[in-house]
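The structure presented is a predicted model; accordingly, all values stated were derived computationally and were not measured. Throughout, numbering of the chain's residues begins at 1 and tracks the sequence.
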Amino acid sequence: MTAVKFKRFLYLAVFCALTFAFWLLQSTGLLTFKIVNAVPQFMLIFTLLAGFYFKAYHGALFGFVFGALTDVYSSTLVFNTIALSVLGFTAGMLVTHLFNRNLAAVIVINSGGAAVYFLAKWLMFYAFSDPAGGYVLMNYMLTSAVLTSLFGFAVYFALNPFYKKMPVPDRSEQYDNY
């Protein structure tokens with residue numbers, strides 16, 4: 001293992017440990033950022049950033065693992081596992097093929113990912129079965145999507161100086177094999 005690959009692995013391990021700490025704090029109720037009815041989904045934020053910083057397959061694996069951990073404490077069966085895996089992979093593919101790693105990409109990926117996640121959750125669980133589906137959409141899902149996007153920007157600004165130091169291999173084919 002080269003020094004560049006080891007440093008990238010070390011950055012990924014620190015990111016996983018940080019995400020696990022946020023998951024633990026949020027699932028135990030020690031970390032509650034609730035504004036009226038809105039609750040941010042921190043695993044969505046970290047999954048999108050994993051795809052953003054570490055490529056598509058890392059984002060998908062990250063989304064799968066932390067989505068499954070989130071499903072343990074929720075009543076959504078495997079929704080978080082599937083949704084976070086797909087969104088992590090999509091974020092990685094967007095950054096690889098369409099966007100640069102900059103603030104504009106984070107705005108689009110965080111906002112779009114949060115909107116897709118909460119809209120899919122509403123469609124799956126509330127749109128057709130809950131008589132107050134519109135109320136849930138307006139007072140919980142949309143406000144949670146906005147709050148998740150705002151916290152996503154805050155997490156990005158907190159982590160960006162750390163990840164600007166992350167090494168990128170000189171040759172792109174070596175990077176693709178990582």
Hits for side-chain contact (heavy atoms from CB on, under 4.5 Å) against F151, two or more places apart or cross-chain, chain-then-number order -> F33, P40, F42, I45, L147
Distance col, row L87:CG vs M43:CE, nearest 0.5 angstrom, shows 14.0 Å
Interatomic distance, CG@L159 vs CG@L49, rounded to 0.5 Å, equals 6.5 Å
By ring-ring contact (aromatic ring centres under 6.0 Å, His included), Y11 pairs with (sequence neighbours left out) F162, Y163
Distance col, row Y53:OH vs R101:CZ, nearest 0.5 angstrom, shows 9.0 Å
Give every donor-acceptor pair under 3.5 Å between a side-chain atom in residues 105-124 and any protein atom, sequence neighbours left out.
{"from": "S111", "atom 1": "OG", "to": "I107", "atom 2": "O", "distance (Å)": "2.9"}
{"from": "Y117", "atom 1": "OH", "to": "Q41", "atom 2": "NE2", "distance (Å)": "3.2"}
{"from": "Y117", "atom 1": "OH", "to": "N80", "atom 2": "OD1", "distance (Å)": "2.4"}
{"from": "W122", "atom 1": "NE1", "to": "G133", "atom 2": "O", "distance (Å)": "2.7"}

Residue pairs passing the side-chain hydrogen bond (donor to acceptor under 3.5 Å, both in side chains) test with at least one member in residues 18-29, sequence neighbours excluded, are none
For V95 and F52, the nearest pair of non-hydrogen atoms, with its separation, is CG2-CD1, 3.3 Å
Separation between NZ (K55) and OG1 (T96), nearest 0.5 Å, reads 7.0 Å
Residue pairs passing the ring-ring contact (aromatic ring centres under 6.0 Å, His included) test with at least one member in residues 80-104, sequence neighbours excluded, are Y57-F89
| said: More than 12 heavy atoms of other residues, nucleotides or ligands under 6.0 Å from CG of L77: yes or no? | reply: no
Across all chains, not counting sequence neighbours, the side-chain contact (heavy atoms from CB on, under 4.5 Å) partners of A132 are D130, Y135
With sequence neighbours left out, the residues meeting ring-ring contact (aromatic ring centres under 6.0 Å, His included) with F153 are none
Side-chain heavy atoms nearer than 4.5 Å, only ILVMFWY residues, links allowed to pass through others: does that put L44 and V78 together?
no
From the list F46, F15, F9, ring pair (Phe, Tyr, Trp, His ring centres under 6.0 Å) with F54 holds only for F15
Separation between OG1 (T47) and CG (L84), nearest 0.5 Å, reads 4.5 Å
All heavy atoms of P161 vs all of A158, minimum pair found to be CD-O, 3.8 Å
d(L98 CG, T90 OG1) to nearest 0.5 Å is 12.0 Å
| said: Test of understanding: clusters of I, L, V, M, F, W, Y form through side-chain heavy atoms closer than 4.5 Å, transitively. Do L24 and V72 belong to the same one? | reply: yes
Pair V36-T143, side-chain contact (heavy atoms from CB on, under 4.5 Å): steps then yes or no = CA-CA 9 Å; V36 186; T143 55; over 6 Å; no
Residues at least two apart in sequence or cross-chain that pass side chain to side chain donor-acceptor pair (under 3.5 Å) with Y140, listed by chain then number, are none
With sequence neighbours left out, the residues meeting side-chain contact (heavy atoms from CB on, under 4.5 Å) with V146 are L150
In terms of heavy-atom contacts, A38 and S144 come closest through CA-OG, 3.5 Å
(Q) How about OH on Y156, more than 12 heavy atoms from neighbouring residues, nucleotides or ligands closer than 6.0 Å, or not? (A) yes
**Q.** Within one Ile-Leu-Val-Met-Phe-Trp-Tyr cluster: L142 and Y126, side-chain cutoff 4.5 Å
**A.** yes
Sorted by chain and residue number, the side-chain contact (heavy atoms from CB on, under 4.5 Å) partners of L61 (sequence neighbours excluded) come out as V65
Contacts of F66 meeting ring-ring contact (aromatic ring centres under 6.0 Å, His included) (sequence neighbours excluded), chain-then-number -> F62
Across all chains, not counting sequence neighbours, the side chain to side chain donor-acceptor pair (under 3.5 Å) partners of S149 are none
